Chemist: 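Here's a structure for you.
Treat the numbers as computed from the prediction; the structure is a model and nothing was measured. Indexing begins at 1, ligand by ligand and atom by atom, following the structure's order.
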Amino acid sequence: MIAENITQVETRIARACEKAGRDRSSVTLIAVSKTKPLALLQEAYDCGCRDFGENRVQELTEKYEALPKDIRWHMIGHLQRNKVKYLIGKVFLIHSVDSLRLAQEISRESVKKQVTTSILIEVNAAGEQSKFGLTSDAEVLRMVEEIAALPGIAVKGLMTVAPYVEHAEENRQYFHALKQLSVDIMHKNIDNVSMDILSMGMTGDYEVAVSEGAGYVRVGTGIFGERDYVYSVAEK
Ligand SMILES: *Cc1c(COP(=O)(O)O)cnc(C)c1O
C-alpha cells in the first residue's frame, strides 16, 4: 500500500513540476512518519524515501537509532528548548524555529558538538491563533537578522503550515506570500542566510505549494494513511 501511495504522490509532484515549468529535482518529498511504526518507515525507505519528518524529539531520536544512517531527519514540530540537545547532530533540518531563545539554544548546543545546524523560520502565514510561527513579515526579517549573527546555526529558508481547508486553492495565497517574503529577504543579502528552501504543502495541498515554489513538501497521510494516535516503544 505504501509503495502505491508513494508512486501516486511522486506522479502528482512530477505533474505539478511540469505544469509549473520546474525541474522535478527542485522538489524534495518528506515522508511525514510521526506516530508510524518502524516497519512502515522501512517500507518507505525501501521505496527510495530518504527524507523523513517527525514532530516529537523522542520519537525522532528512537527512529534515528533504529533505521539506516543515510536517512535525512526533519524536525517539523514545535520544539522545546530543553529537548534541543537530544536533536543536534542527528537532525538534518529543523523546520520549526519560531523564537530567538530557541535559536540561541540550537546555536549553543551546535557549537558544543562542533556542528552547524540548518534551520527554517516558521511563519504562521494565515495568522491562525492555534498555530505556532511568526505572523508578520517584519518579525520574520528581524528574527532572521538576529539568528544570522549566532554561531553554529544556518538559516536556510522559511516554513509554513497552511490552514486546513476544503479546497487546496484557498491556500495558494499563503504559499505565494511565503515565496514573496523569502525573495524579499534573499535580496537583503544577509551574511550566513540563504533563502533556498521553502517548506510548504501537505497531503491536501502539496501540488498548489509546488506550483508556488515549494522546495520541500511534507506528506504524511498521503503516504502512510491516517495517523495512529500513539507511537510506543513496544511497537518496534
Ligand atoms: C503532520 C504534519 C504534516 C503532514 O500532514 P498530512 O496532512 O498528513 O500530510 C506536515 N507538516 C507538519 C508540520 C505536520 O505536523
Side-chain angles (χ1 to χ4, degrees), residues 1-2 4-13 16 27-37 40-41 43-44 47 49-61 63 71-80 83 87 91-99 102 118-135 140 156-172 174-175 178-179 197-231:
M1 182 196 87
I2 286 186
E4 283 165 36
N5 289 348
I6 290 172
T7 303
Q8 193 188 57
V9 172
E10 283 290 347
T11 304
R12 288 170 60 178
I13 291 174
V27 180
T28 300
L29 170 62
I30 299 177
V32 175
S33 47
K34 62 193 186 200
T35 80
K36 297 298 173 185
L40 293 190
L41 278 74
E43 218 177 308
C47 294
C49 287
R50 291 295 179 273
D51 292 89
F52 288 84
E54 291 284 338
N55 67 342
R56 291 174 57 228
V57 171
Q58 193 186 344
E59 196 173 331
L60 187 154
T61 55
K63 288 174 172 175
I71 290 176
R72 293 177 288 269
W73 292 97
H74 297 260
M75 177 61 189
I76 62 174
H78 187 65
L79 180 55
Q80 289 169 321
K83 303 254 174 84
L87 215 49
V91 74
F92 175 74
L93 180 65
I94 300 174
H95 293 230
S96 44
V97 175
D98 63 352
S99 78
L102 174 60
S118 297
I119 64 144
L120 306 178
I121 306 295
E122 181 165 0
V123 180
N124 185 350
E128 291 173 285
Q129 210 112 80
S130 59
K131 294 226 166 92
F132 294 102
L134 306 176
T135 47
V140 176
K156 299 285 191 187
L158 307 176
M159 175 270 214
T160 198
V161 180
Y164 185 79
V165 291
E166 200 173 329
H167 304 290
E169 280 297 330
E170 294 170 52
N171 281 336
R172 183 178 294 278
Y174 303 121
F175 298 144
L178 198 73
K179 171 72 182 182
I197 301 177
L198 277 183
S199 169
M200 58 189 194
M202 302 169 35
T203 296
D205 54 21
Y206 63 86
E207 289 155 293
V208 176
V210 166
S211 76
E212 292 295 335
Y216 281 109
V217 291
R218 310 178 306 266
V219 179
T221 317
I223 292 176
F224 295 106
E226 291 299 320
R227 228 99 56 204
D228 308 324
Y229 287 103
V230 289
Y231 163 83

Chemist: Measure the acute angle between the ring planes of Trp73 and Phe52, then classify it against the limits of 30° and 60° as parallel, tilted or perpendicular.
Modeler: tilted
Chemist: Identify, by atom number and element, the atoms of ligand 1 in contact range of Val161, meaning under 4.0 Å from any of its heavy atoms.
Modeler: 13 (C)
Chemist: Minimum distance, heavy atoms only, to atom 2 (C) of ligand 1: which one of Arg218, Lys34, Met202 is it?
Modeler: Lys34
Chemist: Show me which atoms of ligand 1 lie under 4.0 Å from any heavy atom of Gly220.
Modeler: 4 (C), 6 (P), 8 (O), 9 (O)
Chemist: At a 4.0 Å threshold, what atoms of ligand 1 neighbour a non-hydrogen atom of Val219?
Modeler: 9 (O)
Chemist: Taking Lys36 for its side chain and Gly220 for its backbone only, find out whether a donor-acceptor pair lies under 3.5 Å.
Modeler: no
Chemist: Are any non-hydrogen side-chain atoms of Val161 and Glu128 less than 4.5 angstrom apart?
Modeler: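 Heavy-atom side-chain distance check fails, nothing below 4.5 Å.
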Chemist: Considering only protein heavy atoms, which is closest to atom 12 (C) of ligand 1, and at what distance to one decimal place?
Modeler: Ile76 CD1, 3.5 Å
Chemist: Side-chain contact, heavy-atom cut-off 4.5 Å: Ser96 with Glu122?
Modeler: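 The answer is yes, as the side chains (C-beta and beyond) meet within the 4.5 Å cut-off.
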Chemist: So is Arg227 touching ligand 1 or not, going by heavy atoms under 4.0 Å?
Modeler: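 It does, in that a heavy atom of Arg227 comes within the 4.0 Å cut-off of ligand 1.
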Chemist: May I ask you to identify the nearest protein heavy atom to atom 9 (O) of ligand 1, giving residue, atom name and distance to one decimal place in Å?
Modeler: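 Closest protein heavy atom to atom 9 (O) of ligand 1: Thr203 OG1, 2.4 Å.
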Chemist: Can a non-hydrogen atom of Asn55 be found less than 4.0 Å from any atom of ligand 1?
Modeler: no
Chemist: Quick one: are Tyr174 and Pro163 in side-chain contact, heavy atoms under 4.5 Å?
Modeler: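 In short, these two side chains touch, coming nearer than 4.5 Å.
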Chemist: Evaluate whether atom NZ of Lys179 has more than 12 neighbouring non-hydrogen atoms of other residues, nucleotides or ligands under 6.0 angstrom away.
Modeler: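 Not more than 12 within 6.0 Å, no.
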Chemist: Please list, in number order, the atoms of ligand 1 under 4.0 Å from a heavy atom of Thr221.
Modeler: 6 (P), 7 (O), 8 (O), 9 (O)
Chemist: Roughly how far, to the nearest 0.5 Å, is OG1 of Thr35 from CD of Glu54?
Modeler: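 The CD atom of Glu54 sits 8.0 Å away from the OG1 atom of Thr35.
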